[in-house]
Structure formats: C-alpha cells, structure tokens
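Here's the structure, in structure tokens; my notes come after.
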Amino acid sequence: GENVEQHPSTLSVQEGDSAVIKCTYSDSASNYFPWYKQELGKRPQLIIDIRSNVGEKKDQRIAVTLNKTAKHFSLHITETQPEDSAVYFCAASIKAWWASNNDMRFGAGTRLTVKP
Amino acid sequence: ETGVTQSPTHLIKTRGQQVTLRCSSQSGHNTVSWYQQALGQGPQFIFQYYREEENGRGNFPPRFSGLQFPNYSSELNVNALELDDSALYLCASSLDGYEQYFGPGTRLTVT
C-alpha cells in the first residue's frame with residue numbers, strides 16, 4: 001500500500017520568512033495530493049490540493065509543487081504569519097472510479113511555529 | 001463551518017464494549033471516509049463509503065465496521081473495544097473522494 005513520509009517533523013521560522021514542508025510517496029499510481037492544516041484541538045482543514053496532471057498550484061501565500069518522477073511534493077508558505085502556526089499534514093491517494101481501494105494516506109505531520 | 005458534524009463529541013467506554021459514532025456529511029457530498037487519529041499522529045484511514053457501499057478499507061480489523069445511509073450520513077461501529085482504540089475519530093465528506101472536509105471528531109476513551 002501507499003506510504004507517505006513527511007519532513008521536517010518540526011519547523012520554526014521568523015514571521016515574514018518562507019516555510020517549506022516536503023513529502024514523499026511510494027505508490028506511483030497516486031494521483032491526488034491534498035494538504036491539511038490542523039490547529040490545536042481543531043479538525044484538519046484542507047488548505048490546498050494538487051492532482052497529478054499539474055506540477056504546481058498556488059493560492060495566495062500557499063503553493064504546492066509535485067514531482068511525479070521523484071514521487072515527492074512540497075508545500076510552500078511565503079510571508080509567514082503567527083496564525084500560520086499549526087500542524088500541517090500531507091496526504092496521497094489514488095482517485096479513480098475503477099479503484100477498488102480508495103484510501104488516503106497521511107504523513108506524520110509537521111509542527112510549524114511562526115515567531116513574531 | 002464546513003457543514004460536517006459528528007456525534008457524540010466525547011465518549012468513555014470500557015474495554016470489551018461496543019460503540020457507534022455518527023457523521024452527518026456536508027450537503028451535496030456522496031462520499032464519507034473515517035479516520036482514527038492518535039495523539040500527535042496523522043489520521044489513519046479506516047474505510048470509505050461511496051453511495052452506501054464500502055469502496056476502500058485501511059489496515060483495521062473487521063471489528064471496525066460502518067454504514068452509509070441514503071442521505072449519505074454514516075456510522076462507524078467498533079466492537080470489542082480495546083485500550084488502543086482510544087483516539088480521535090474523524091469523518092470526512094467529499095464529492096467523489098476529492099476535497100475531503102472533516103468533521104470536528106469524536107474523542108473516544110477506552111478504560
């Protein structure tokens with residue numbers, strides 16, 4: 001089955017700096033890669049996702065890049081703010097109508113701290 | 001708010017008992033996935049229901065079972081509870097499996 005590894009486990013940056021979180025996946029058939037932000041005591045919140053037919057997607061200060069050949073994808077947050085502090089999870093899955101096992105595998109998470 | 005709700009919020013059970021958790025999906029969504037999240041870890045996929053049929057299952061034993069109803073709400077049932085079942089149980093609804101939106105979760109404690 002799919003295995004997702006996420007690095008680093010903790011990341012501390014100064015407000016205004018950029019933050020990059022990287023994930024690798026094992027199953028080359030994976031074609032959907034979402035990122036979630038989870039604040040303490042709250043539900044995971046979808047912040048951005050990318051499908052395998054594109055290499056990059058941006059939404060304001062957040063961007064995700066995907067390298068299918070190397071089987072890794074990354075989350076980039078620019079101009080970080082204290083409210084970006086949270087745990088971030090990457091995930092990978094195979095989404096296809098014929099797939100008999102639609103599961104989403106999550107990375108272990110990255111705790112991002114943005115210092116004012 | 002995403003519209004996905006779960007009940008109950010918290011639950012305390014004794015080892016060996018059975019529990020049922022409920023999830024109401026967001027309007028317009030036809031797929032519900034259930035996850036177990038232990039403290040300090042990422043969500044672990046339990047199973048997914050699409051139009052009332054299970055169409056994906058993670059590495060969880062058969063004592064974890066579920067249902068999806070015609071209105072796309074869902075239940076997670078766990079039999080013969082074990083101490084290691086203590087965790088936050090999250091459901092997520094989506095349209096066809098993409099863009100999953102999570103509910104607030106049910107915190108289960110097994111003593």
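To find a chain, count down the sequence lines: A is the first, B the second, and so on, and within it residues start at 1. Side chains are part of it too, since the values below use all heavy atoms of this structure and drop only hydrogens, waters and symmetry mates.
- Side-chain heavy atoms closer than 4.5 Å link hydrophobic residues (I, L, V, M, F, W, Y) into clusters, and following such links, even through other members, never connects B:Phe102 to A:Tyr88.
- The number of heavy-atom neighbours closer than 6.0 Å to CD1 of B:Ile12, taken from other residues, nucleotides and ligands shown, is 12 or below.
- Residues of residues 78-85 of chain A placed with any heavy atom under 4.5 Å of a heavy atom in chain B are absent; none qualify.
- Among all heavy-atom pairs drawn from A:Phe89 and B:Gly42, the shortest one is CE2-CA, 3.2 Å.
- The hydrophobic cluster containing B:Leu67 does not contain B:Val78, counting ILVMFWY residues as joined when their side-chain heavy atoms lie under 4.5 angstrom apart, directly or transitively.
- In this structure, B:Leu39 is not a member of the same hydrophobic cluster as B:Ile46, with clusters built from ILVMFWY side-chain heavy atoms closer than 4.5 Å.
- No chain of hydrophobic side-chain contacts below 4.5 Å, direct or via other Ile, Leu, Val, Met, Phe, Trp or Tyr residues, connects B:Phe47 to B:Tyr50.
- In this structure the side chain of B:Glu99 reaches within 4.5 angstrom of the side chain of A:Tyr32, judged on heavy atoms.
- Interface remark: of the candidates A:Gly109, A:Gly41, A:Ala91, A:Pro44, A:Pro44 forms the most heavy-atom pairs closer than 4.5 Å to chain B.
- Linking ILVMFWY side-chain heavy atoms closer than 4.5 Å, directly or via other members, places A:Val87 and A:Leu40 in two distinct hydrophobic clusters.
- Sparse packing is recorded around CZ of B:Arg15, with 12 or fewer heavy atoms of other residues, nucleotides or ligands lying under 6.0 Å away.
- For A:Pro34, no part lies under 4.5 angstrom from a heavy atom of chain B.
- Between B:Tyr98 and A:Arg51 there is a side-chain heavy-atom pair separated by less than 4.5 Å.
- Closest approach of B:Tyr35 and A:Met104 over heavy atoms only: OH-CB, 3.4 Å.
- In A:Gln60, the CD atom is not crowded: 12 or fewer heavy atoms of neighbouring residues, nucleotides or ligands sit closer than 6.0 Å.
- In this structure, CD in B:Gln48 is found 8.5 Å from OG in A:Ser93, a value given to the nearest 0.5 Å.
- Of the listed residues (B:Gly105, B:Pro43, B:Ala92), the greatest number of heavy-atom pairs within a distance under 4.5 Å of chain A belongs to B:Pro43.
- The distance from atom CZ of A:Arg43 to atom CG of B:Leu88, rounded to the nearest 0.5 Å, is 11.0 Å.
- Heavy atoms from other residues, nucleotides or ligands lying under 6.0 Å from NZ of A:Lys22 number 12 at most.
- Contact annotation for A:Gln6: neither backbone nor side-chain heavy atoms come within less than 4.5 Å of a heavy atom of chain B.
- By number of non-hydrogen pairs under 4.5 angstrom with chain A, the leading residue of B:Gln44, B:Gln100, B:Arg107, B:Gln41 is B:Gln100.
- In the displayed structure, B:Asn59 atom CG is contacted under 6.0 Å by at most 12 heavy atoms of other residues, nucleotides or ligands.
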